[in-house]
Novice: 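Please find one structure pasted underneath; my questions will follow.
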Amino acid sequence: MDNFDSHSPFLCLLIMTEALVPSVSQSAEYLYFRMTGACRKFHIVLDKSGHSTIYRATIGVAFEEGTSIRLFGKKRENSHGPLGQAVFPMEHLRHVQNDLDAPRADAADPLRELISQSQNLDMHLTGLLLDLEQVKDLDQFTGDVTAAYNRIKTTVGQAPDIILRKLEIGTNLKWPALIAFADGMVDNVIVDQDTLRMVELYNTIGADETDPEVVHDRVQYAMLTVGHVTTENRWDRLMDQLTYGSTLLFVQGASSVLVLDSVKFKSRAIARPDSEPSVKGPQEAFNEIMLTHMNQLRRRIRTARLRFEPITIGAYTKTTVILAHIEGLSNPALVTALTGRLHAIQRDSVVQINEIAPYLYGRRYTIFPQVRLTERVDWVARDLMSGKIAVMVDNDPFVITVPTTLTDFYQTTQDYVFSFWDGSLVRLVRLAGLIVGLFLMPLYIALTSVNPDLVPTKLLLTVDGSRQGIPFPPVSEVIIMWLIIEILREAANRLPKELAVTLGTVGAVVVGTAIVKAGIVDDIMIVTVTLTALGLFTTPTFEMTTPWRWLFWTFILGAYLLGVYGIMLASVLVITHLASLEEFGVPYLTPFGPLRRREVTDSWIRFPIPSFIKRPASLRPVDIGQAKRMDPSDTVPIYQGQKDTLE
């Protein structure tokens, strides 16, 4: 007992099992549960000694008062089975608890807590030993309702939201049973009316029925009115189902447990897509519930070929990840590759979809995003119909679509709800904004600081005149102004929407006017920085703005060191890197590198929708052609709710 400390109370448990059980380690196990007075955490030290295969069940309880150790214990021979039961001397614990009025105050509370923990351990060990006595496997339900109650009560059942209730099946039979569920995560109607009421009031089972499997089957197929009921007998899976929101129904003597699908989360209502607004078209976004994701997609893609493949990731969170695709459209090799990357993820937890995205990258250290995240249901449905694959993560309203190209980040739903003239114009404006945002400021620095001989004389005189009295070089002005813009941008993101608009407008006007009057920057610099910021902010997807904000400084550095040649060198490096990117066999610069003329019709310009005859060949879909005209006899009928609305 080297682990004893003279300044802290201890609880020492010596457990010796008596059995010839293959699944139990054939040695005596000494477990010392120690609780320090400082942090009140339990430390377990397991010392396995001895070489015999038959042991007696013994439990010893000891605690320390000052320097004296008082030991209580019992020894009990096995009297009813191959496995002796470990029994706590609870009467001694009660004597100890009565003695706690006398000791010093700093030791009384920890000792009371230790006694409470030992009582819980007694229930847990009793349940484990009962299970082990019957099936020789601690991870399998044995049919003992009492053991199941003790096991749940001493583990996850200690939480106040886990409800355990013992009941009797049938008014005549009165067969023992146990129901367990998580309060707040289940549908109370299913638990109260479809389960408890039906089970307790069922009266067609005779009082002379003795086969537990018959009772179990009668409960599953005749009593319960729940839509989805499965069976399970592994404790690890039962605990997962319980914490996810399913209801567990234990029947005395049965070899498996009934798992009732009673999940009903408190969810956020379906709202407008805040990150991707649209003037016209659908106004529906995903929420955090996975079932809602699938329902929204099925309403738009009414085909039996729509597949949802679940994958569980996270050792602790056990997060459900759904891989959605249309069988017969998506490339099977693409589905297999993506499934392999998801199965290869080894993490303790996954709480948001951004933790999954890096594992899907072909090149993880590139600055450019290789997957697109969207919260728009219509956009995901459009990508699925083109042969792409969607990845959805439970508890996250955003969905990943792959493969993705550079032009995908500059396309929105609004491009398709207006005429092709308007859609093409908007996309060209975004392209122009990108060019202005990247090259306007570097060109200003290069032409004023390194290559003034390339500027016409009159324009050069105008620029020099505006810079009279400015103490900083142009590159320093850029750093000052861009730092101010980033601070205003970050502050606006952290404020409510109404205050953010006011801060952005007032802050830009006040700071811009004051900094010019103070002679820190010149007027032309204010105009140049404003156009640069507006140009970069025309990018419709948030994940694509970050790469350009970083590369902006690459162009600034090249312009400051080498002038126009530095800008050209930086441009070549960026284009070369973009051309080298490839995601699931799809080049990042598609349809321009390599050139695919048919896909150019929906890139930086948009042709009329009737011209989209075939799906993108770069995705290698199984069915590259669009569907033929549907037979009127195959039309899906309008359901009653729609009829009432139309009438």
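Values below: every heavy atom of this structure, side chains too, minus hydrogens, waters and symmetry copies. All figures in this text were calculated on a predicted structure; none of them were measured in a lab.
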Novice: Does R300 pair with E284 as a salt bridge, N-O distance under 4.0 Å?
Specialist: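 Here R300 pairs with E284 in a salt bridge, since their nearest N and O are under 4.0 Å apart.
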Novice: Checking side-chain hydrogen bond (donor to acceptor under 3.5 Å, both in side chains) for the pair T405/D408: CA distance, chi angles, key distance, verdict?
Specialist: CA-CA 5 Å; T405 63; D408 289 336; 3.2 Å; yes
Novice: Using ring-ring contact (aromatic ring centres under 6.0 Å, His included), reason through F368 and W550 one step at a time and then give a plain yes or no.
Specialist: CA-CA 10 Å; F368 290 96; W550 276 103; over 10 Å; no
Novice: Strictly by ring pair (Phe, Tyr, Trp, His ring centres under 6.0 Å), give each pair with a member in residues 298-318 just once, sequence neighbours left out.
Specialist: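 Found none.
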Novice: Which atom names give the shortest non-hydrogen contact between S618 and V586, and what distance separates them?
Specialist: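 Scanning both residues, the minimum pair turns out to be O-CG2, 3.3 Å.
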Novice: I want to check something: taking the side chain as every heavy atom from C-beta on, are I356 and V350 in contact at a cut-off of under 4.5 Å?
Specialist: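 Result yes, sub-4.5 Å side-chain heavy-atom pair found.
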Novice: Are any non-hydrogen side-chain atoms of S386 and L619 less than 4.5 angstrom apart?
Specialist: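 They are in contact (side-chain heavy atoms under 4.5 Å apart), so the answer is yes.
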Novice: Hey, could you give me each pair passing salt bridge (charged side-chain N to carboxylate O under 4.0 Å, His left out) that has a residue in residues 351-365? Not counting sequence neighbours.
Specialist: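 Counting only pairs at least two positions apart or across chains, the salt bridge (charged side-chain N to carboxylate O under 4.0 Å, His left out) contacts touching residues 351-365 are R347-E355.
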Novice: Are the side chains of T530 and M481 in contact, using a 4.5 Å heavy-atom criterion?
Specialist: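 No, every pair of side-chain atoms sits at 4.5 Å or beyond.
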Novice: Would you name the heavy atoms of L329 and R615 that are closest together and state the gap between them?
Specialist: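 Minimum heavy-atom contact is CD2-CZ, 3.4 Å.
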Novice: Compute whether any side-chain donor of one residue and acceptor of the other, for T292 and N295, lie under 3.5 angstrom apart.
Specialist: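 No pair is found: no donor N or O on one side chain lies under 3.5 Å from an acceptor on the other.
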Novice: Ignoring hydrogens and angles, tell me if any N or O in the side chain of E583 forms a donor-acceptor pair with the backbone of L581 under 3.5 Å.
Specialist: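 Not at all, since once roles are kept as given, no pair shorter than 3.5 Å links the two residues.
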Novice: Are H228 and T230 close enough that some pair of their side-chain heavy atoms sits under 4.5 Å apart?
Specialist: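 H228 reaches T230 side chain to side chain.
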Novice: Side chains of I322 and M290, heavy atoms from C-beta outward: is any pair under 4.5 Å?
Specialist: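 Yes, close enough: below the 4.5 Å cut-off.
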Novice: Show me the donor-acceptor pairs, under 3.5 Å and distance only, between side chains in residues 449-459 and residues at least two apart or in other chains.
Specialist:
residue: S449; atom: OG; partner: I445; partner atom: O; Å: 3.4
residue: N451; atom: OD1; partner: V564; partner atom: N; Å: 3.0

Novice: Per the salt bridge (charged side-chain N to carboxylate O under 4.0 Å, His left out) rule, what does the pair list look like for residues 589-611, sequence neighbours excluded?
Specialist: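 Passing the test, one end in residues 589-611: R427-D602.
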Novice: So, using ring pair (Phe, Tyr, Trp, His ring centres under 6.0 Å) as the criterion, who are the partners of Y444 when residues are at least two apart?
Specialist: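 Testing Y444 for ring pair (Phe, Tyr, Trp, His ring centres under 6.0 Å), a comparison that skips the adjacent residues, returns none.
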Novice: Could you note down all residue pairs passing side chain to side chain donor-acceptor pair (under 3.5 Å) where residues 473-490 supplies at least one of them, sequence neighbours left out?
Specialist: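 Qualifying pairs: R467-E477, W482-E486, E486-R549, E490-R494.
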Novice: Distance-only, no hydrogens or angles: does the H293 side chain make a donor-acceptor pair with backbone N or O of N287 under 3.5 Å?
Specialist: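 Such a contact is found between H293 side chain and N287 backbone.
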Novice: So which heavy atom on L384 is nearest to which on A324, and how close?
Specialist: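 Shortest heavy-atom separation between L384 and A324 comes out as CD2-O, 3.4 Å.
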Novice: Could you tell me whether a side-chain N or O of K318 sits under 3.5 Å from a main-chain N or O of A315, the two making a donor and an acceptor?
Specialist: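 The answer is yes, because a donor-acceptor pair under 3.5 Å joins these two groups.
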Novice: Looking at every heavy atom in both V335 and S330, which two are closest together, and how far apart are they?
Specialist: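 Reported closest heavy-atom pair: CG2-CB, 4.2 Å.
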Novice: Show me the pairs that pass ring pair (Phe, Tyr, Trp, His ring centres under 6.0 Å) and involve residues 323-347, at least two apart or across chains.
Specialist: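 Every pair satisfying ring pair (Phe, Tyr, Trp, His ring centres under 6.0 Å) with a residue in residues 323-347: there are none.
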Novice: Between R430 and T538, is there a donor-acceptor pair closer than 3.5 Å when you use the side chain of the first and the backbone of the second?
Specialist: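 Absent.
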Novice: Is there a donor-acceptor pair under 3.5 Å between the side chain of E543 and the backbone N or O of L373?
Specialist: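 Judged by distance alone, yes, a pair lies under 3.5 Å.
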Novice: Under 3.5 Å, is there a donor-acceptor pair between the T374 and E276 side chains?
Specialist: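 Side chains of T374 and E276: pair found under 3.5 Å.
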Novice: Please report the shortest heavy-atom distance between P547 and I367, naming the atom on each side.
Specialist: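 So the minimum-distance heavy-atom pair works out to CG-O, 3.2 Å.
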Novice: Is there a side-chain contact (heavy atoms from CB on, under 4.5 Å) between R372 and T541 once you walk through the steps?
Specialist: CA-CA 8 Å; R372 176 168 179 176; T541 54; 3.6 Å; yes
Novice: Taking CZ in R268 as the centre, count heavy atoms belonging to other residues, nucleotides or ligands within less than 6.0 Å. Is the count above 12?
Specialist: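 Counting other residues, nucleotides and ligands, CZ of R268 exceeds 12 neighbours.
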Novice: With no hydrogens and no angle check, do the side chains of D415 and T412 hold a donor and an acceptor under 3.5 Å apart?
Specialist: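 Checked: D415/T412 side chains pair up, N/O donor to acceptor below 3.5 Å.
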Novice: Could you check whether any side-chain heavy atom of L334 comes within less than 4.5 Å of a side-chain heavy atom of P403, counting everything from C-beta outward?
Specialist: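 They are in contact (side-chain heavy atoms under 4.5 Å apart), so the answer is yes.
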Novice: Does any N or O in the side chain of Q370 come within less than 3.5 Å of the main-chain N or O of G362, such that one atom is a donor and the other an acceptor?
Specialist: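 At least one qualifying donor-acceptor pair exists.
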Novice: Taking the side chain as C-beta and beyond, is there a heavy-atom pair between V391 and L338 under 4.5 Å?
Specialist: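 Contact flag for V391/L338 side chains = yes.
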Novice: Take E582 and Y588 through the test side-chain contact (heavy atoms from CB on, under 4.5 Å) and record every step on the way to the result.
Specialist: CA-CA 5 Å; E582 184 179 281; Y588 202 65; over 6 Å; no
Novice: Are R376 and D383 close enough for a salt bridge, meaning some N to O gap below 4.0 Å?
Specialist: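 Looking at D383 together with R376, the answer is no, because their closest N to O distance does not fall below 4.0 Å.
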Novice: Ring pair (Phe, Tyr, Trp, His ring centres under 6.0 Å) with F555: which residues, sequence neighbours excluded?
Specialist: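 Partners of F555 by the ring pair (Phe, Tyr, Trp, His ring centres under 6.0 Å) criterion, ordered by chain and then number, come out as F439.
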Novice: Taking atom CZ of F542 as the centre, report whether more than 12 heavy atoms of other residues, nucleotides or ligands fall under 6.0 Å from it.
Specialist: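 Atom CZ in F542 is not packed in, count stays at 12 or less.
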Novice: Using every non-hydrogen atom in the two residues, find where P277 and S275 come nearest and quote the distance to one decimal.
Specialist: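 Closest heavy-atom pair between P277 and S275: CD-C, 3.5 Å.
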Novice: Quick one: does E375's side chain have a donor or acceptor within less than 3.5 Å of a partner on D274's backbone?
Specialist: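 Between the backbone of D274 and the side chain of E375 there is a qualifying donor-acceptor contact (under 3.5 Å).
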Novice: Side chain of D187, backbone of K264: donor and acceptor closer than 3.5 Å?
Specialist: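 It does not hold such a pair.
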Novice: Name every donor-acceptor pair, under 3.5 Å, that has one atom in a side chain of residues 570-579 and the other anywhere in the protein, sequence neighbours excluded.
Specialist:
residue: S571; atom: OG; partner: I567; partner atom: O; Å: 2.8
residue: T576; atom: OG1; partner: V572; partner atom: O; Å: 2.7
residue: H577; atom: NE2; partner: T366; partner atom: OG1; Å: 2.7

Novice: Just by modelled atom types, is the V393 backbone N or O under 3.5 Å from a matching donor or acceptor in the Q352 side chain?
Specialist: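 Side chain of Q352 to backbone of V393, a donor-acceptor pair under 3.5 Å: no, none is there.
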Novice: Report the residues that fulfil ring pair (Phe, Tyr, Trp, His ring centres under 6.0 Å) with F537, sequence neighbours left out, ordered by chain and then residue number.
Specialist: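 Testing F537 for ring pair (Phe, Tyr, Trp, His ring centres under 6.0 Å), a comparison that skips the adjacent residues, returns none.
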Novice: I need the full list of ring pair (Phe, Tyr, Trp, His ring centres under 6.0 Å) pairs touching residues 394-435, with sequence neighbours left out, sorted by first then second residue.
Specialist: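 The answer is Y410-W604.
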Novice: Below 4.5 Å, heavy atoms only, C-beta onward: do I526 and V521 meet side chain to side chain?
Specialist: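 In short, these two side chains touch, coming nearer than 4.5 Å.
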Novice: Tell me every residue that passes ring pair (Phe, Tyr, Trp, His ring centres under 6.0 Å) with Y560, counting only those two or more places apart in sequence or in another chain.
Specialist: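 Counting only residues at least two positions away or on another chain, Y560 forms no ring pair (Phe, Tyr, Trp, His ring centres under 6.0 Å).
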Novice: List the steps, then state whether side-chain contact (heavy atoms from CB on, under 4.5 Å) holds for V263 with M185.
Specialist: CA-CA 6 Å; V263 180; M185 298 182 67; over 6 Å; no
